[in-house]
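What follows is one structure encoded as structure tokens, with my remarks underneath.
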There are 2 protein chains.
Amino acid sequence: MKRTQDRSSSTAPDAAGNATLVDVAQAAGVSLATASRAFNSPALVREGTVQRVLDAARQLSFRPNLLGSKLRAQQSRMIGVMLPTLENAVFAECWRGIEDAALAAGYSLMLVTSAYDPARERERIEYLLRHRVDGMVLTVADAARSAVLDQLDAEGVPYVLAYNQAAARGQRHSVSVDNRGSAREGVQALIAAGHRRIRVVSGAFIASDRARQRFEGYRDAMHAHGLEAAPPLCLPTHTASNADQIGALAAGPDAPTAFFCTNDLLAIGVISDLKRLGLRVPRDISVLGYDGIALGALVEPPLASVVQPNPEIGARAVAQLLARFGLAAAGVSNVSGIPDVSRVSGARPGRITLLPHGLRLGGTVAAPA
Amino acid sequence: MKRTQDRSSSTAPDAAGNATLVDVAQAAGVSLATASRAFNSPALVREGTVQRVLDAARQLSFRPNLLGSKLRAQQSRMIGVMLPTLENAVFAECWRGIEDAALAAGYSLMLVTSAYDPARERERIEYLLRHRVDGMVLTVADAARSAVLDQLDAEGVPYVLAYNQAAARGQRHSVSVDNRGSAREGVQALIAAGHRRIRVVSGAFIASDRARQRFEGYRDAMHAHGLEAAPPLCLPTHTASNADQIGALAAGPDAPTAFFCTNDLLAIGVISDLKRLGLRVPRDISVLGYDGIALGALVEPPLASVVQPNPEIGARAVAQLLARFGLAAAGVSNVSGIPDVSRVSGARPGRITLLPHGLRLGGTVAAPA
DNA sequence: GTGAAAGCGCTAACAG
DNA sequence: CTGTTAGCGCTTTCAC
């Protein structure tokens with residue numbers, strides 16, 4: 001008993017969109033192959049035939065079963081996305097860019113979060129792999145020494161890093177801003193405003209190579225001006241109130257006049273801690289963030305920050321991955337309108353896209369008292 | 001030329017995890033069916049055999065192709081998730097609960113955002129349907145008059161609403177807090193603090209049935225105390241600075257002494273606007289938010305808010321969907337530890353889960369001057 | 001241009 | 001307990 005024939009002959013496919021391509025083909029009086037072609041390569045099919053197939057499909061409220069095509073085509077047209085968390089708006093903004101770009105290009109998405117945890121990174125990537133994603137857009141804790149990235153390379157799975165900035169001479173692909181350079185610029189703006197004693201506040205360094213790179217940028221700026229770079233204050237978690245540590249740092253005669261926080265969420269927390277300590281921002285002390293999340297522009301005073309183009313980072317990461325597939329749809333290759341300042345090095349190099357950053361000053365940054 | 005045989009006999013499956021179950025079966029000296037069972041129903045297979053299969057799988061770095069099983073099983077074990085945006089932390093927090101609960105139960109996820117746009121809601125849901133998700137967790141603009149929800153009902157696609165609170169006598173399933181009741185409580189707290197002139201600030205009403213329900217709660221509270229409920233101030237967008245409108249509202253002799261904002265993001269914006277107008281919160285004017293996003297506790301003064309258990313809303317929505325499937329894994333049915341205060345009505349009713357809310361007071365709420 | 005046939009990788013009767 | 005067999009819905013040679 002062949003169920004397929006059964007249902008396509010006697011059993012009417014229910015209205016719920018459960019008709020298969022066989023049903024459509026039959027209703028249109030063509031073969032399965034032609035029906036398929038009418039959807040995927042209409043150019044190969046006579047116009048009238050295409051129309052008949054499309055009509056039949058509408059009639060039966062045919063809904064293509066993507067599971068079938070993805071399996072058969074040996075190409076899932078799916079992109080796996082792994083981000084540390086969505087609760088930091090940076091990544092939520094990035095997701096918007098990813099979703100727009102991928103769906104516009106006809107790709108499906110599968111999202112997982114790693115919570116900055118390497119073990120979970122491994123596990124979640126395995127999950128993506130089992131779903132046979134064609135490639136991935138990833139933000140990992142530490143791109144330079146990531147076992148899971150090495151594994152992906154070994155298996156030949158295409159991926160593009162987002163936010164992680166691939167090493168210049170490495171083989172990895174990435175889309176980010178110039179973390180170190182932009183941080184240097186930000187701190188230079190602090191110095192230009194008159195600050196001399198500047199401290200860095202960061203999340204856990206092990207959880208973010210970006211944080212380390214931004215700290216390097218801070219050192220660059222300090223040294224360029226003959227100032228002493230102080231060690232960073234690494235806070236274990238972004239969300240807890242770290243008033244004590246901030247207080248200890250902010251007290252004393254040689255207290256810093258400005259803080260550079262390696263991300264905006266952290267900066268907002270630090271500003272609150274400072275307020276609780278009775279310090280006014282930016283009157284008593286300045287705070288510069290990093291990320292440029294929309295929320296930063298919403299608070300009062302507006303959060304000064306090194307601004308990343310988050311949705312563009314996501315969109316470009318997708319576009320670059322598509323390019324790696326050799327399939328970059330023309331329409332999505334540069335949706336952002338942002339010029340490509342990629343640097344290419346070596347043979348068969350990793351493609352490193354550096355997107356321009358911005359500087360949002362004023363607000364929480366002012367001249368020292 | 002049968003490729004399958006070719007590769008399983010002569011061609012060694014490459015190390016990249018491209019071995020198929022056939023390869024594993026062969027390597028283990030069992031049939032395809034037994035290999036499959038060793039993974040899916042090991043209880044049906046002799047222990048030693050299971051072990052041989054598992055060993056062979058490890059040997060070949062076998063990675064099950066979920067596309068194959070999902071297609072064949074006529075059950076994708078995938079849950080489609082549609083949220084308005086992730087850029088409001090409410091939904092990002094909710095996603096965490098969804099991801100944890102779904103993956104723990106062995107389900108895969110597919111996420112899309114609707115941007116509060118009904119047209120996009122339709123389109124994105126169609127996308128999910130084409131992927132043959134078994135069911136969905138959705139937050140829609142307006143659950144009461146949603147064409148797309150009606151369509152889903154008609155097609156018999158199981159879904160559970162998150163945040164949207166299904167009508168008491170309807171057939172829809174939902175997980176949320178009691179929007180109206182909790183808003184009433186929040187406003188009552190304002191009244192208890194001495195406020196009499198309280199205004200509601202909301203996002204676009206059409207984009208959120210929750211906002212309307214929360215406004216009703218405000219009216220309830222005001223009327224219960226013989227106070228006059230004023231119409232809401234509906235702001236078109238959450239992110240723009242609406243200082244002008246807020247300013248107009250906050251000026252004059254009969255200016256409100258407190259604002260109730262229907263979500264936290266909005267509240268943070270309003271507070272900034274107020275500051276820009278030279279008003280101090282809560283000294284000159286109090287602000288109460290709604291959502292209880294983590295960020296609210298981070299700012300100074302802490303944002304007073306009606307607190308929703310966001311990750312639990314997500315986790316419970318998943319659990320309830322699983323229950324609808326008749327498959328709720330025991331371990332995930334009440335991960336949150338929050339008691340189930342569901343109300344059930346009528347025959348074959350929509351199951352409405354109301355999760356307890358909290359009230360975070362102090363901070364931006366104080367007695368009127 | 002169109003059709004017939006093979007099969008993507010896997011699960012699930014049905015036999016033994 | 002294990003193997004044989006028949007497809008899930010679709011794409012894609014290969015013929016005509």
Side-chain angles (χ1 to χ4, degrees), chain A residues 1-8 11 13 17-26 28-53 57 60 62-78 129-132 134, chain B residues 1-8 13 17-26 28-53 57 60 62-78 108 129-132 134:
Chain A
M1 167 169 126
K2 304 189 85 180
R3 241 186 110 258
T4 302
Q5 299 218 344
D6 247 33
R7 79 121 84 185
S8 51
T11 308
N18 284 329
T20 76
L21 200 52
V22 181
D23 301 320
V24 173
Q26 191 165 295
V30 300
S31 76
L32 171 59
T34 300
S36 175
R37 281 189 283 253
F39 286 104
N40 304 309
S41 351
L44 302 182
V45 181
R46 191 189 304 151
E47 174 128 15
T49 312
V50 173
Q51 212 37 253
R52 280 213 322 285
V53 173
L60 299 172
F62 168 65
R63 181 144 50 212
N65 184 334
L66 262 24
L67 257 26
S69 39
K70 286 176 191 313
L71 175 61
R72 170 60 225 236
Q74 292 294 80
Q75 180 203 149
S76 67
R77 282 188 162 274
M78 271 205 301
L129 255 13
R130 288 177 177 213
H131 285 278
R132 290 300 189 270
D134 291 336
Chain B
M1 168 169 121
K2 306 190 84 179
R3 241 186 108 258
T4 303
Q5 298 219 343
D6 249 33
R7 81 123 80 186
S8 52
N18 283 330
T20 76
L21 200 52
V22 181
D23 300 321
V24 174
Q26 194 164 293
V30 299
S31 76
L32 172 59
T34 299
S36 174
R37 282 189 283 252
F39 287 104
N40 304 309
S41 352
L44 302 181
V45 181
R46 190 192 305 150
E47 174 129 14
T49 312
V50 172
Q51 213 35 255
R52 280 213 323 285
V53 173
L60 299 171
F62 168 65
R63 182 144 46 212
N65 184 334
L66 262 25
L67 257 26
S69 37
K70 286 175 190 314
L71 174 61
R72 171 59 225 235
Q74 293 294 81
Q75 177 203 146
S76 66
R77 282 187 160 273
M78 266 201 310
S108 309
L129 255 12
R130 289 180 175 212
H131 285 278
R132 290 300 187 271
D134 292 335

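To find a chain, count down the sequence lines: A is the first, B the second, and so on, and within it residues start at 1.
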Looking only at side-chain atoms of V45(B), point me to the closest of dT2(D), dG3(D), dG1(C). dT2(D)
Find the distance R52(A):CZ to dG1(C):P and express it as a whole number of Å. 14 Å
Output for pair (K70(B) NZ, L66(A) CG), nearest 0.5 Å, gives 13.5 Å
Check the distance between dC10(D)'s C1' and H131(B)'s NE2 and give it to me in whole angstrom. 15 Å
Distance check needed: dG9(C) P versus R130(A) CZ, whole Å only. 16 Å
Distance (rounded to the nearest 0.5 Å) between T20(B) OG1 and F62(B) CZ: 7.0 Å
Give a yes/no on whether any side-chain N or O of Q74(A) is located under 4.0 angstrom from OP1 or OP2 of dG9(C). yes
Nucleotide dT11(D), atom P - distance to CG of L44(A) in whole Å: 13 Å
Specify the angle, to 10°, made by the local axes at the two ends of the helix from dG1(C)-dC16(D) to dG16(C)-dC1(D) when five pairs are taken at each end. 30°
Under the criterion side chain to side chain contact (heavy atoms under 4.5 Å, CB included), I'd like the reasoning laid out for R63(A) against R132(B): C-alpha separation, chi angles, the key distance, then a yes or no. CA-CA 9 Å; R63(A) 181 144 50 212; R132(B) 290 300 187 271; 3.7 Å; yes
Can you tell me how far the CG atom of L71(B) sits from the CG atom of N65(A), to the nearest 0.5 Å? 6.0 Å
Return a single string for nucleotides 10-16 of chain C, one symbol per nucleotide in 5' to 3' order, where B is base contact, S is sugar-phosphate-only contact and - is none, cutoff 4.0 angstrom on heavy atoms. BBBB---
Could you pull out all donor-acceptor pairs under 3.5 Å where a side-chain atom in residues 32-47 of chain B meets a protein atom, sequence neighbours excluded?
| from | atom 1 | to | atom 2 | distance (Å) |
| --- | --- | --- | --- | --- |
| T34(B) | OG1 | S31(B) | OG | 3.3 |
| S36(B) | OG | N40(B) | ND2 | 3.2 |
| N40(B) | ND2 | S36(B) | O | 3.1 |

By side-chain hydrogen bond (donor to acceptor under 3.5 Å, both in side chains), which residues pair with D134(A), not counting sequence neighbours? S76(A)
Specify the separation, in whole Å, of atom CZ of R77(B) and atom P of dG9(C). 22 Å
Restricting to non-hydrogen atoms, name the atom on R52(A) and the atom on V30(A) that form the minimum distance, rounded to 0.1 Å. NH2-CG1, 3.4 Å
Whole-Å distance, Q51(A) CD to dG1(C) P, equals 16 Å
